[in-house]
2 protein chains.
Amino acid sequence: MNKLDKSLLNSLSSFRRLEDDQLREVLDLARLRRVPTGKPIFEEAEDAKQFFLLLDGHVRVERLNAEGDKVISLHIPPGQLFGIARALGRDTYPASAMAAVECIVLIWPMSLWDDFAGRYEGFAAEAYKTVGQRVSEMNNQIMELATQHVEQRVARAVLRLMKQHGRNTDSGVQIAFPVTRKIISEMTGSTLHTVSRLLSRWERQRILRSAHRHIHVLDASRLEELTRQDA
Amino acid sequence: MNKLDKSLLNSLSSFRRLEDDQLREVLDLARLRRVPTGKPIFEEAEDAKQFFLLLDGHVRVERLNAEGDKVISLHIPPGQLFGIARALGRDTYPASAMAAVECIVLIWPMSLWDDFAGRYEGFAAEAYKTVGQRVSEMNNQIMELATQHVEQRVARAVLRLMKQHGRNTDSGVQIAFPVTRKIISEMTGSTLHTVSRLLSRWERQRILRSAHRHIHVLDASRLEELTRQDA
DNA sequence: AACCAAGTTTGCGCTTTCACAAAGTTCGTA
DNA sequence: TACGAACTTTGTGAAAGCGCAAACTTGGTT
């Protein structure tokens, strides 16, 4: 656990209000786990026995409806808590969490949640802020689904991935994990066919490049334009 | 405030774990307000200076997108806390709250939130449970919008209103506040025209009755059927 | 080197649902 | 009780996007 401390100290807003020795206490109680790409970390409706912190990688949060259609509700970037059912007064996970790429996660038994919340000033507050951000995002997604056309929704989804999970390269901003047409369709309530047509067009227009399941955004401002109704 | 105590004691899950004298303390700090039908209680993005408990009536939670389209994300039944931005680590309201019918609300300054959460065992827990329920509903709405057709979404919306805000009458279950086609379209990401066609059909089929902005569900099980994809 | 699985592209017809339009109804209020 | 505002109904045409189908590309594996 020694190697982790340094990198943790800086990046983790969840723990940023903790003293160094408190942080050590917390880390000492955690278990570290590597999750390979595509594997589940937990499943919807499962007993919420643990909560997690994403150290490295990207987590995809998804649900299945009764007909078996998959819906992706959000992606989690490194540094965030997840699986925090307790913060929602729940004892099961409301959705499944999948490793969008290989992930390194810290794991605590859920029984420690109340401990942490009680003992460490600011821990709960930060957790609820995280919840608040997710609620905002869900709210936005509802608005988009309710009022926007597929093209706008896909443009927004790509932009969101870029902003939250992008890394700068010499050929534009690259989304940090593999993304297929199918996945974008599950994020936007569309079909992989329609998404394919849109991405092909945007590639022709040099708005983005996509190959090998990786997307580079070349011209974010034109993508922003496509986001608007009248475009 | 005396008259309230009795009715409150029973119904309010938010305070159900409080002792009688604690409850009195809490009530003594509240202000009571009547809000006429259609009037706002607070607006999206406003400074979250207060939080609320709905004693009587029904509150509609809505947002406007950049193009000015209204989206209704949920309705709140009597007995629930709302405007609890602090529970989401926010200092502005994430949406607007409107009186769907005349409402009676208790109001506390937001500064008391942390007080209550700290002092009254179970208050925070109940609040987070409420948040959790709303998150679940939002999740469901995202799934519906992403995967279901308009007819299914409208059927579900009517059923949800019936279950959460219905009162039994001799002519079926009546939704407890006025609901127009427009409102249903804003709940389902549809248009008032399409909703009108659906409701007319359902009325012909004796699944429901609707007049004077009031809807009675006559045959919930047939509505449930329409909820399914293959119907 | 060959093959398979996974992902992508593209065409075509069809359904759903919207947009626009216009008339009818009901409600509240002056 | 008359008027206007709000709400509803219904028709018609158009388009967005889906479903189905088939071919193609790419990457990984044996």
Quickly work out the [X] [atom1] to [N] [atom2] distance and round it to whole Å.
X        : N      : atom1 : atom2 : result
A/His149 : C/dT16 : NE2   : P     : 18 Å
B/Arg197 : C/dT17 : CZ    : P     : 12 Å
B/Gln148 : C/dT16 : CD    : P     : 14 Å
A/Lys182 : C/dT9  : NZ    : C1'   : 17 Å
B/His193 : C/dG24 : NE2   : C1'   : 15 Å
B/Leu192 : C/dA19 : CG    : P     : 10 Å
A/His214 : C/dT8  : NE2   : P     : 11 Å
A/Glu203 : C/dT10 : CD    : C1'   : 15 Å

Classify the nucleic acid contact of [X] as base, sugar-phosphate or nothing, counting any heavy atom under 4.0 Å across all strands shown.
X        : answer
A/Ser200 : sugar-phosphate
B/Gly38  : nothing
B/Thr180 : sugar-phosphate

Heavy-atom pair with the smallest gap, counting every atom of A/Pro77 and A/His165:
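Looks like N-CE1, 3.6 Å.
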Nearest atoms (heavy-atom pairs only) where A/Ser171 meets A/Arg209
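Closest approach of A/Ser171 to A/Arg209: OG-NH2, 3.6 Å.
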Closest approach to the side chain of B/His212, judged atom by atom: which nucleotide of C/dT26, C/dT9, C/dT17 is it?
C/dT26
Kindly say if A/Arg181 contacts the phosphate of C/dG7, meaning a side-chain N or O under 4.0 Å from OP1 or OP2.
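So the side chain of A/Arg181 is outside the cut-off, no N or O lying under 4.0 Å from OP1 or OP2 of C/dG7.
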Tell me whether the OP1 or OP2 atom of C/dT17 has a side-chain N or O from B/Thr194 closer than 4.0 Å.
no
I need the A/Ile175 CD1 to A/Leu161 CG distance, nearest 0.5 Å.
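So the gap between those two atoms works out to 4.5 Å.
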May I have the list of side-chain donor-acceptor pairs in residues 85-92 of chain B shorter than 3.5 Å, sequence neighbours left out?
residue : atom : partner  : partner atom : Å
B/Arg86 : NH1  : B/Asp114 : OD2          : 2.9
B/Arg90 : NE   : B/Thr92  : O            : 3.0
B/Arg90 : NH1  : A/Ser136 : OG           : 2.8
B/Arg90 : NH2  : B/Thr92  : OG1          : 3.0

Should we say atom CZ of A/Arg206 is surrounded by more than 12 heavy atoms from elsewhere, each under 6.0 Å from it?
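Not buried by this count: 12 neighbours or fewer within 6.0 Å.
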Please compare A/Ser190 and A/Arg213 by the position of their nearest nucleotide in DNA chain D and report the one closer to 5'.
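First, find each residue's nearest nucleotide; the 5'-ward one identifies A/Ser190.
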4.5 Å side-chain heavy-atom contact, A/Leu199 and A/Ile184:
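When only atoms from C-beta onward are counted, A/Ile184 and A/Leu199 do touch, with a gap below 4.5 Å.
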Tell me, please, the opening and closing nucleotides of DNA chain D, 5' to 3', among those with an atom under 4.0 angstrom from a non-hydrogen atom of chain B.
D/dC7 to D/dT12
I'd like to know if the side chain of A/Arg134 pairs up with that of A/Gln80 as donor and acceptor (distance under 3.5 Å, no hydrogens or angles considered).
yes
